[in-house]
Asks: 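Let me give you the structure first, and then I'll get to my questions.
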There are 4 protein chains.
Amino acid sequence: MARGNTRQRIQDVALELFAEQGYEKTSLREIAERLDVTKAALYYHFKTKEDIIVSLFEDLTQPIDDLIAWAEGQPRTLETKTEVLRRYQAALTGAEPLFRFMQENQATVRELSIGLTFKERLLTLVGLVQEPDLPMTDRVRCISALFTMHAGTFFMQNVEGDPEEKREALLEVAVDLVTQAQRGPGSSPQ
Amino acid sequence: MARGNTRQRIQDVALELFAEQGYEKTSLREIAERLDVTKAALYYHFKTKEDIIVSLFEDLTQPIDDLIAWAEGQPRTLETKTEVLRRYQAALTGAEPLFRFMQENQATVRELSIGLTFKERLLTLVGLVQEPDLPMTDRVRCISALFTMHAGTFFMQNVEGDPEEKREALLEVAVDLVTQAQRGPGSSPQ
Amino acid sequence: MARGNTRQRIQDVALELFAEQGYEKTSLREIAERLDVTKAALYYHFKTKEDIIVSLFEDLTQPIDDLIAWAEGQPRTLETKTEVLRRYQAALTGAEPLFRFMQENQATVRELSIGLTFKERLLTLVGLVQEPDLPMTDRVRCISALFTMHAGTFFMQNVEGDPEEKREALLEVAVDLVTQAQRGPGSSPQ
Amino acid sequence: MARGNTRQRIQDVALELFAEQGYEKTSLREIAERLDVTKAALYYHFKTKEDIIVSLFEDLTQPIDDLIAWAEGQPRTLETKTEVLRRYQAALTGAEPLFRFMQENQATVRELSIGLTFKERLLTLVGLVQEPDLPMTDRVRCISALFTMHAGTFFMQNVEGDPEEKREALLEVAVDLVTQAQRGPGSSPQ
DNA sequence: TATGAATGAGGGTTCATTCAT
DNA sequence: CATGAATGAACCCTCATTCAT
């Protein structure tokens, strides 16, 4: 019935299963069965199992690269930084299963070559919200800001409360951390 | 030569390989080969592959349970909370490979029954550094504090600087976050 | 651009690959890719993979059948025999890749039904250069004559020397063998 | 019942099937079934399918290396050369299925790394029955001598006659060729 | 304490082939 | 003439696990 969109359907089902059970524990047979096609059909659309996952990452990488590119063209003000955090959270929310998968399968992702690339991107992002030559404490604050949103997004699901409210709280704390780092040493509230 | 310590050696090698390559990608053959014994020998010491990993987690769980028990017997002052964070960081540092493994193989750990248990423990820990009925923002701060140390410990390896200094910075930021949360409602715009 | 010659191009590429890697190790995908068409396109020109190889053999069989037919119409003199060897060598040289393929993939060719046919043809050829009722030694000489050219053609590539000179030497030795067999029993140099 | 000899039995069955159907067309399933064991059992004894075939070749290589070593220690007389041929024929006869396999699966063997090695050995053998600086014709005679026995051994099965008698005839012709080459240029009966 | 030998299930991958368009 | 999409069968291989010794 549906046709021409098989590639997309493979990606969807694969992501769902990868996120649910992990990459290694998800077999191509499983993916194929859920799509009601043969394993061999998958190979018409993707050269290897790894190719499937890599294709998913490419879809993810783009928004982040866009964000980095945008930020690099802006003045490094608090407003820009806040906006970076806001957009990063949006990206996280928009591609939640993928990010969840990435967070929960780092050991796998690491061998994917794209894995390192992602860590680099995260470091780049950190660089964009922090001033140069900051004391270590403030650099940690910036890293913490990103992690708060990153990990928090997933961990907070175990916490009761309105999702929207939780998201806002995460962003607020992250912005707060970056703000404190912005003021630099000596200005932390006594 | 060495004798009676085979069980321990299996655990050591297993942890090392699990942390390096992930649980699913590490085969018993690999572990056995590195120990220069047969796969069958492993089965003398552990009933299944999962048993090996579970045994590792038990070694990890104890210190955290001790920490929780200790904290529950203390007054919930800032000093106590700071000490909780300090001790948690010590636990992290002392069992780094295991924590790293846990962080990078969540998808696997999740199915281990012990996995949920660990998330619960982390939530308990969060509860111990936060006052009841805190506004969402401050609850996020407490979560963030733990995550900062947790993820930071591993991520900071990609950042230049003296390890000791980095550790201290992580702790400081974490304590800072808890402190801010401590002041609780009334000090943040209500 | 080129048109109508696709069938020929398939044969060319197939032969090249079969000769290089063997029949079983050469996939239709490979052939198709090298021609920059789809696998399905091959099926427009050939009903099966085996059909491709059979078509190649047919092109080869003809010259040999012609040679046999010609020889059967000649008096069985030394001149005729020499000419048979000369023409056989010419056929070998002219269709080198195919003969090489045949020599190196006998196990495959054997199941091709055409395979037996070829061995028969070779035996027929042997019959044409040998007198009836020859002693075993002289029959071996005739077989040896054919083999010398056959295998020699390929093996001699590993030997240094001018190709033309090598070819002539092969023919000379083959003719020599047949000549010795011609003289029959009792005449071999004691 | 039988035990401890499984490795040997695998080799036997594998050789039989490889010789009969070719290497690529013989599946491990087939080998396993014929031995009434699981495919996995094969992998206990051999690391890969290729390993099986390589192990077969090693068993073959030894006698030839021995022959080469022996010949190199002898004076290069006609007697020695005759003995080389005789022993080579003995080796051929003793490991017939393997040689047959090798002859009929050259395309496969070629990629086996051991393949080239074998051609080298054959060239070495040729060197041992020929004087240095022989004219091309006589070098061809020496090559022809080896090929006569080599290919002849298998091809002669299609020829009627007592096997023993055929074998003797092959050897006689081979010795004859080497003898003619020995006398060198100018001595061949015109 | 350990090993040698084997198993059953399943993994990812490739192949020749088909057929509607 | 040719392609895009898919299939079914088979392939080699690896794994966790077992058990007699």
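Just so we're on the same page: letters track the sequence lines, and every chain starts at 1. Quick note: numbers below take in every heavy atom, side chains included, and nothing from hydrogens, waters or symmetry partners.
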Asks: Listed by chain and number, what are the salt bridge (Lys or Arg N to Asp or Glu O under 4.0 Å) partners of B:D51, not counting sequence neighbours?
Replies: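 Once residues adjacent in sequence are excluded, B:D51 has no partner under the salt bridge (Lys or Arg N to Asp or Glu O under 4.0 Å) criterion.
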Asks: Let me know the distance between CZ of C:R7 and C1' of F:dA2, rounded to the nearest Å.
Replies: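 So the two atoms are 17 Å apart, to the nearest Å.
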Asks: Any chance you could encode DNA chain E as dot-bracket? Rule is Watson-Crick or G-U wobble with both distances under 3.5 Å; [ ] for pairs crossing earlier ones, | for another strand.
Replies: .||||||||||||||||||||
Asks: Can you sort out the partners of A:A91 under side chain to side chain contact (heavy atoms under 4.5 Å, CB included), two or more places apart, ordered by chain and number?
Replies: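 For A:A91 there are no side chain to side chain contact (heavy atoms under 4.5 Å, CB included) partners, ignoring immediate neighbours.
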Asks: Would you please name every residue forming a side chain to side chain contact (heavy atoms under 4.5 Å, CB included) with B:E24, sequence neighbours left out?
Replies: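 Result, side chain to side chain contact (heavy atoms under 4.5 Å, CB included) vs B:E24: A:E24, A:K25, B:T108.
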Asks: Could you state the CD1-P distance from B:I10 to E:dA2, rounded to the nearest angstrom?
Replies: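 After rounding, the gap between these two atoms is 8 Å.
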Asks: Once you round it to whole Å, what is the distance between C1' of F:dC15 and CD of B:Q21?
Replies: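 So the CD-C1' distance, B:Q21 to F:dC15, works out to 14 Å.
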Asks: Got a sec, which residues hit salt bridge (Lys or Arg N to Asp or Glu O under 4.0 Å) with A:D65, two or more places apart in sequence or on another chain?
Replies: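 Partners of A:D65 by the salt bridge (Lys or Arg N to Asp or Glu O under 4.0 Å) criterion, ordered by chain and then number, come out as A:R121.
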Asks: Name every donor-acceptor pair, under 3.5 Å, that has one atom in a side chain of residues 29-47 of chain D and the other anywhere in the protein, sequence neighbours excluded.
Replies:
unit_1	atom_1	unit_2	atom_2	d
D:E30	OE1	D:S27	N	3.4
D:E30	OE2	D:Q21	NE2	2.8
D:R34	NH1	D:E16	OE2	3.2

Asks: When you measure from the side-chain N and O atoms of D:T6 to the phosphate of E:dA6, is any distance below 4.0 Å, counting only OP1 and OP2?
Replies: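 It does, given that an N or O in the side chain of D:T6 lies less than 4.0 Å from OP1 or OP2 of E:dA6.
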Asks: Roughly how many Å is it from CD in B:E33 to C1' in F:dC15, rounded to a whole number?
Replies: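 Distance, rounded to whole Å: 13 Å.
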Asks: Rounded to the nearest angstrom, tell me the gap between atom CG in C:L35 and atom C1' in F:dC1.
Replies: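 Atom CG in C:L35 sits about 14 Å away from atom C1' in F:dC1.
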Asks: To the nearest 0.5 angstrom, please state how far the CG atom of A:N105 sits from the CG atom of B:N105.
Replies: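 With rounding to 0.5 Å, CG (A:N105) is 8.0 Å from CG (B:N105).
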Asks: Which letters describe nucleotides 7-13 of chain E, given B = protein heavy atom under 4.0 Å from base, S = only from sugar-phosphate, - = neither?
Replies: BB-BSBB
Asks: Distance check needed: E:dT17 P versus C:D51 CG, whole Å only.
Replies: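 In whole Å, E:dT17 P lies 9 Å from C:D51 CG.
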Asks: Measure the spacing between CG of A:L15 and CD1 of A:I10 and express it to the nearest 0.5 Å.
Replies: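 A:L15 atom CG to A:I10 atom CD1 measures 13.5 Å (nearest 0.5 Å).
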Asks: Check whether any side-chain nitrogen or oxygen of D:H45 sits under 4.0 Å from OP1 or OP2 of E:dA6, and answer yes or no.
Replies: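 It does, given that an N or O in the side chain of D:H45 lies less than 4.0 Å from OP1 or OP2 of E:dA6.
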Asks: Applying salt bridge (Lys or Arg N to Asp or Glu O under 4.0 Å), name anything that partners A:E96, two or more places apart in sequence or on another chain.
Replies: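 Partners of A:E96 under the salt bridge (Lys or Arg N to Asp or Glu O under 4.0 Å) test: A:R100.
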Asks: What residues form a ring-ring contact (aromatic ring centres under 6.0 Å, His included) with C:F18, not counting sequence neighbours?
Replies: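 For C:F18, the residues satisfying ring-ring contact (aromatic ring centres under 6.0 Å, His included) (neighbours in sequence not counted) are C:Y23, C:F101.
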